[in-house]
Amino acid sequence: MYRNTNCGELSVASASQTVTLAGWVQKRRDLGGVIFIDLRDRSGIIQVVFNPSVSKEAWSKADKVRSEYCLSVTGEVMKRAEEAINPKVKNGDIEVMISDIQVLNTSKTPPFPIEDTIDASEDVRLKYRYLDLRRPEMLNIFKLRSKVTRTLRRFLDDREFLDIETPILTKSTPEGARDYLVPSRVHPGEFYALPQSPQLFKQLLMASGMEKYYQIARCFRDEDLRADRQPEFTQVDIEMSFFEVDKFQAMIEEMLVNLMKEIKGIDIPRPFQRLTYAQAMDLYGSDKPDTRFDLKLIDLTDIAADSTLKVFKEVQERGGQVKALNVKGKASHFSRKQVDEDLKAVVTPYGAKGLAWLKVEENAMKGPIAKFFDEDLTARLRERLNAEAGDLLLFVADKKKIVADSLGALRLHLGKTLGLIDESAFNFLWITEFPLLAYSEEEHRYLAEHHPFTMPFLEDMDKIESDPGSVRAQSYDMVLNGFELGSGSERICNHAMQEKMFKVLGFSEERAEQQFGFLMQAFEYGTPPHGGMALGIDRIVMLLAGCSSLRDTIAFPKTASASDVLTHAPSEVSDAQLNELHLDVATLLK
RNA sequence: GGGUCCGUGGUGUAGUGGUUAACAUGCCUGCCUGUCACGCAGGAGAUCGGCGGUUCAAGUCCGCUCGGACCCGCCA
């Protein structure tokens, strides 16, 4: 027997029991005569004691033991003497007097200590991920993650959603992210793709009469990584037939409220806040705004156009915008240099050519652009911006997209650095009425903003030919604290409508047939109206666990260059393997 | 594809172009029967990511390259 009790379960109530524990050596303290070992398992840490007067044999074995040795020990749980109690530790009033010890495995000295606050770089942690994951902090994230999926499953099971698996080896489709490809041995020159999401299959399951489907699904996208983006990630994917958007969204809200209650013990009020895409872009410069703080974007295009500042006037003439942030009471917080260098640096990557500013004083505004606003205009600025003495006003004038992106990013930067964000808050937010299509400068055509199967607003359909960009989609995103948790939509289930969509997207009839014919055919056999959404599990866990990187929520994540420093994937393969797959990579290896 | 930052004993850091690369921690050895950040004494451990260049002299300056972090593009 390796063990009959977990370290963390022991308390004074266990005193005088004989127990067998198994775990790892957290710390060994050798006082010459007596040896103390902090023994750690998944449940916690307990001090075990080796005294030669109890067992000379156990004591001399313990003398050889080092950090992270894997042990099984047997002994009597003892209440400690008053003066030996350690009040800093949960079970510091007891210890186990060991009579027998078995070394299950030895350990090299670990590259970093197995404890919560470590200073090892993430690089080293990932290389020794199995040691990193021993740290209680990491263990707790994966306990939480497991509870998240369990809670979601239970909720959906209770509502008679069926957990159905869909293929991992699937068909490459042209729209959307870059596919991970898997060469076919049996079909020379042909490839499977790993799914970017189970989208097509879940719609086919609706055509199949499954009515309610969910899956904790792995998704793959071969795009560049970010702190909140991994090449493979997990979604809870949900789809239902006889879909009605308000009922469905209400259920998703219930699901998330239930999740927050179970995981964090927090009651999230319903209904969730809602913004249309247009509102979100206008007020926050983002389609995933962090609404835990205010600091909204304020449109000043009309006032700015009346000023004598040339760039402001020109922007209006070209159909651009001038917008501003009013950073309340922070005029003295930023020096001229800090605004011109630090804050401007936030805004330039998004294409903003400059960051104009004004400091509001009792009877005037100070700053490089102050002279372009006469008394009347200054008064209008004051009113529009609700400006008071001590406020810092920050302006960007440019094309709509640049203004939104740059001020949106600046807003977030200020929120973080000025401590405006209530870190304990969980602000769930629906973003609705996304544009159906977005024009791609690169491809010189419209692309689906969500995906090509999204139902448009029928009342907008008269503009689908004349002004495709203005057509709204029956789609919605769930945003939490500035992160996109997931998105969904009502789907097209009608053959003619789907055909029209592909046409608008610039697909030839043949190409639509070749790529998506199977789905279009399914629509001809009584496919019910349906819709759904998918929520990113990794991001949910990241936010609930308070991690700053998605990597902390994934047991074996990839680095920013999509490689795995533990297994060294990706790696070269043998010529024999390549030959079998009819592949030749020689030209790439110059 | 582009930008910014980082790379020095196991780990984390310091290090004006100039002797034997410093500090903390960890590790090893010895001593120690109530420690829990145990203590005390001693010791080992670095081709300063790699290659090339400048220089009498490079951890330090320059170029390239590899690896990592963050961001832009990209991510239906």
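Numbers restart at 1 for each chain; the letters A, B, ... are given by sequence-line order, proteins then strands. Keep in mind that this is a model prediction, so the values were computed, not measured.
- Taking the P atoms as reference points, rA58(B) lies 31 Å from rG43(B), given to the whole Å.
- Residue S197(A) is in base contact, counting any heavy-atom pair closer than 4.0 Å across all strands shown.
- Between the CD atom of Q196(A) and the C1' atom of rC74(B) there is a distance of 13 Å, rounded to whole Å.
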Each nucleotide N or O in nucleotides 29-33 of chain B that has a protein N or O under 3.5 Å away: list the pair and distance.
from, atom 1, to, atom 2, distance (Å)
rU29(B), OP2, R66(A), NH2, 3.4
rC32(B), N3, D30(A), O, 3.4
rC32(B), N3, G32(A), N, 3.4
rU33(B), OP2, G33(A), N, 3.1
rU33(B), O4', V34(A), N, 3.4
rU33(B), O2, N51(A), ND2, 3.2
rU33(B), N3, N51(A), OD1, 3.4

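- Listed by chain and number, the residues in a salt bridge (charged side-chain N to carboxylate O under 4.0 Å, His left out) with D477(A) amount to none (sequence neighbours excluded).
- Residue contacts shown for E484(A) are absent, as no nucleic acid heavy atom lies under 4.0 Å away.
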Could you list, one pair per line, each protein nitrogen or oxygen that sits under 3.5 Å from a nitrogen or oxygen of nucleotides 71-73 of chain B, together with the distance?
from, atom 1, to, atom 2, distance (Å)
rC71(B), OP2, A227(A), N, 3.2
rC72(B), OP1, Y350(A), OH, 3.1
rC72(B), OP2, R226(A), NE, 2.8
rC72(B), O2', P349(A), O, 3.2
rG73(B), N7, R226(A), NH2, 2.8
rG73(B), O6, R226(A), NH1, 3.0
rG73(B), O6, R226(A), NH2, 3.2
rG73(B), N1, D224(A), OD2, 2.6
rG73(B), N2, D224(A), OD2, 3.1

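- Ring geometry for F453(A) versus H451(A): interplanar angle of 30 to 60°, hence tilted.
- Residue A560(A) places its side chain closer to rA69(B) than to any other of rA37(B), rA69(B), rG34(B).
- Residue R551(A) places its side chain closer to rA69(B) than to any other of rA69(B), rU35(B), rG26(B).
- rU4(B): Watson-Crick or G-U partner is rA69(B), with both key distances under 3.5 Å.
- For S549(A) (side chain) and R551(A) (main-chain N/O), a donor-acceptor pair under 3.5 Å exists by modelled atom type.
- If you check rC36(B), rG67(B), rC27(B) against the side chain of D38(A), the one that comes closest is rC36(B).
- Evaluation of atom-type donor-acceptor distances gives a pair under 3.5 Å for the side chain of R80(A) against the base of rC36(B).
- In this view, D222(A) satisfies the salt bridge (charged side-chain N to carboxylate O under 4.0 Å, His left out) rule with no residue, not counting sequence neighbours.
- Listed pair R29(A) / rC38(B) meets the phosphate criterion, a side-chain N or O lying under 4.0 Å from OP1 or OP2.
- Rounded to a whole angstrom, the distance from the C1' atom of rU29(B) to that of rA44(B) is 10 Å.
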Within the 4.0 Å limit for protein heavy atoms, which parts of nucleotides 2-12 of chain B are touched? Write it as a string from 5' to 3', B for base, S for sugar-phosphate only, - for none. --------SSS

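- Residue K108(A) is out of contact with every strand shown, counting any heavy-atom pair closer than 4.0 Å.
- Checking each of F457(A), Y476(A), Y277(A) against F434(A) for a ring pair (Phe, Tyr, Trp, His ring centres under 6.0 Å) leaves exactly one that passes, namely Y277(A).
- Within 4.0 Å of T454(A), counting heavy atoms only, lies no atom of the nucleic acid at all.
- A close approach under 4.0 Å does occur between a side-chain nitrogen or oxygen of K88(A) and OP1 or OP2 of rA37(B).
- The nucleotide whose nearest atom lies closest to any side-chain atom of N86(A) is, among rC36(B), rC38(B), rG67(B), rC36(B).
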Less than 3.5 Å apart, which donor and acceptor atoms pair up between the side chains of residues 23-34 of chain A and the rest of the protein, not counting sequence neighbours?
from, atom 1, to, atom 2, distance (Å)
Q26(A), OE1, R40(A), NH1, 2.6
Q26(A), NE2, I114(A), O, 2.8
R28(A), NE, A62(A), O, 3.2
R28(A), NE, V65(A), O, 3.3
R28(A), NH2, D30(A), OD2, 3.2
R28(A), NH2, D63(A), O, 2.9
R28(A), NH2, D63(A), OD1, 3.4
R29(A), NH1, D38(A), OD2, 3.0
R29(A), NH2, D38(A), OD1, 3.0
R29(A), NH2, D38(A), OD2, 3.4
R29(A), NH2, Q47(A), OE1, 2.8
D30(A), OD1, G32(A), N, 2.8

